[in-house]
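Working notes for the structure below.
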There are 2 protein chains.
Amino acid sequence: MNKENHCPLNYTMNLIGTKWKPLLLFHLLEGDLRSGILQKKIPGISNKMFTQTVRDLENDGLIARKVFPVVPPKVEYSLTKRGRSLESILRSLDTWGLEDSQT
Amino acid sequence: MNKENHCPLNYTMNLIGTKWKPLLLFHLLEGDLRSGILQKKIPGISNKMFTQTVRDLENDGLIARKVFPVVPPKVEYSLTKRGRSLESILRSLDTWGLEDSQT
DNA sequence: CCGCATCCTAGACGATACTG
DNA sequence: CAGTATCGTCTAGGATGCGG
């Protein structure tokens, strides 16, 4: 069974349906962030997963990566237009979880 | 790292963030369904995963399972109130995937 | 500061066969 | 018809350490 993305629902889930992707995108909604800062906003994420998640999101065109040629290195991440189009979904997921967990 | 559900976003994702859960819930939005019918609406799902997914959703109180004491066996699934509260999220995921995949 | 490489584990998922 | 059991695979994810 491949990643056939039979239906739109799975198409979306294959883009953001991992442990850290939604969280990462969510934090970028508030504005562009340096790599280190972004990572610190996600407690519990391992170094490896942070890099990998960020790479995946970049490859899928959901976030953009900007490298500044300075010392020490500086990297900033931002949402692309495509990534920003997920905003309402991300906020819905957040809101639902908040309300439901209080019940 | 446990399933601490640090934040609302992950809380939600832990409930519906698997390969088949959103799809299953989505189909039940249209109305209650017999087990076999529901399974046929999800091409590619294995027998095992269907049962397991349905069990998980039931345990999380998102769907309800009704057994009719007849021969041959008949089982119907329906959304609970809690499950139905996910409707807007599910439709958003579906719509987004539909629109995005056409771009 | 940022990221890569390596090794490792748990669990998600699939194929098949079997029961009431 | 609905569900269970067993076995196997594959990958998401974690821990640690190195390098520009």
Side-chain angles (χ1 to χ4, degrees), chain A residues 1-7 9-10 12-25 27-28 32-60 62-78, chain B residues 1-7 9-10 13-25 27-28 32-60 63-78:
Chain A
M1 191 51 50
N2 278 337
K3 300 233 177 191
E4 289 290 329
N5 295 331
H6 350 289
C7 76
L9 239 164
N10 277 344
T12 307
M13 290 302 283
N14 282 335
L15 284 180
I16 63 168
T18 71
K19 187 173 182 181
W20 305 109
K21 283 181 184 178
L23 210 40
L24 228 151
L25 292 169
H27 284 297
L28 286 178
D32 306 359
L33 285 176
R34 283 193 68 154
S35 187
I37 309 291
L38 178 53
Q39 186 165 357
K40 284 208 186 71
K41 281 185 180 275
I42 309 183
I45 195 173
S46 67
N47 202 310
K48 173 192 167 186
M49 284 315 296
F50 178 76
T51 303
Q52 187 181 113
T53 303
V54 138
R55 284 282 173 277
D56 287 346
L57 292 174
E58 190 191 3
N59 290 335
D60 287 333
L62 296 178
I63 69 174
R65 179 169 181 268
K66 183 167 187 184
V67 182
F68 296 82
V70 297
V71 183
K74 175 179 174 181
V75 177
E76 267 194 10
Y77 293 103
S78 59
Chain B
M1 190 53 49
N2 278 337
K3 300 234 176 189
E4 288 292 329
N5 295 331
H6 351 290
C7 75
L9 241 163
N10 278 344
M13 290 302 283
N14 281 336
L15 284 180
I16 63 170
T18 70
K19 187 173 183 181
W20 305 108
K21 283 182 184 177
L23 210 40
L24 229 152
L25 293 168
H27 284 297
L28 286 179
D32 306 358
L33 286 176
R34 283 193 65 154
S35 187
I37 309 292
L38 178 55
Q39 186 166 355
K40 282 207 187 72
K41 281 184 181 277
I42 309 183
I45 196 174
S46 67
N47 201 310
K48 174 190 167 186
M49 284 316 294
F50 178 76
T51 303
Q52 189 181 111
T53 302
V54 137
R55 285 279 174 279
D56 287 347
L57 292 174
E58 190 191 2
N59 289 334
D60 287 334
I63 68 175
R65 180 171 180 267
K66 182 169 188 184
V67 182
F68 297 82
V70 296
V71 184
K74 175 179 176 181
V75 176
E76 267 195 10
Y77 292 102
S78 59

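Applying the 4.0 Å criterion to OP1 and OP2 of D:dA2, one finds that B:T51 has every side-chain N and O outside that range. A sub-4.0 Å separation between OP1 or OP2 of C:dG3 and a side-chain N or O of A:Y77 is present. When the side-chain nitrogen and oxygen atoms of B:R55 are compared with OP1 and OP2 of D:dT4, one or more of them lie within a distance under 4.0 Å. A:K48 has no side-chain polar atom (N or O) that falls below the 4.0 Å cut-off from OP1 or OP2 of D:dA12.
Mapped onto DNA chain D by nearest heavy atom, A:P73 and A:S46 fall at different nucleotides, with A:S46 at the one closer to the 5' end.
In this structure, the CD atom of A:Q52 is 13 Å from the C1' atom of C:dG3, given to the nearest Å. In this structure, the CG atom of B:N10 is 13 Å from the C1' atom of D:dG13, given to the nearest Å. In this structure, CG of B:N47 is placed 11 Å from P of C:dA15, rounded to the nearest angstrom. Nucleotide C:dC1 holds its P atom 13 Å from the CZ atom of A:F50, rounded to whole Å. Regarding B:L23, its CG atom lies at a distance of 15 Å from the C1' atom of C:dC13, rounded to whole Å. In this structure, B:N14 atom CG and C:dG11 atom P are separated by 13 Å, rounded to whole Å. Atom NZ of A:K19 and atom C1' of D:dG13 are 7 Å apart (whole Å). In this structure, B:E58 places its CD atom 9 Å from P of D:dG3, rounding to the nearest Å.
The structure places CG of B:L9 at 14.0 Å from NZ of A:K19, a figure rounded to the nearest 0.5 Å. The line from CD1 of B:I45 to CH2 of B:W20 is 5.5 Å long, rounded to the nearest 0.5 Å.
Between B:M13 and A:I16, the closest heavy-atom pair is CE-O, 3.8 Å.
Closest approach to the B:P72 side chain among C:dC4, D:dG3, D:dC1 is made by D:dC1 (side chain taken as heavy atoms from C-beta onward). If you check C:dC13, C:dG3, D:dG13 against the side chain of A:R65, the one that comes closest is C:dG3. With D:dG3, C:dC13, D:dG13 as the choices, the nucleotide that has an atom nearest any side-chain atom of A:T18 turns out to be D:dG13.
In this structure, the side chains of B:V54 and B:Y77 come closer than 4.5 Å at one or more pairs of heavy atoms.
Within a 6.0 Å radius of NZ in A:K41, no more than 12 heavy atoms belonging to other residues, nucleotides or ligands are found.
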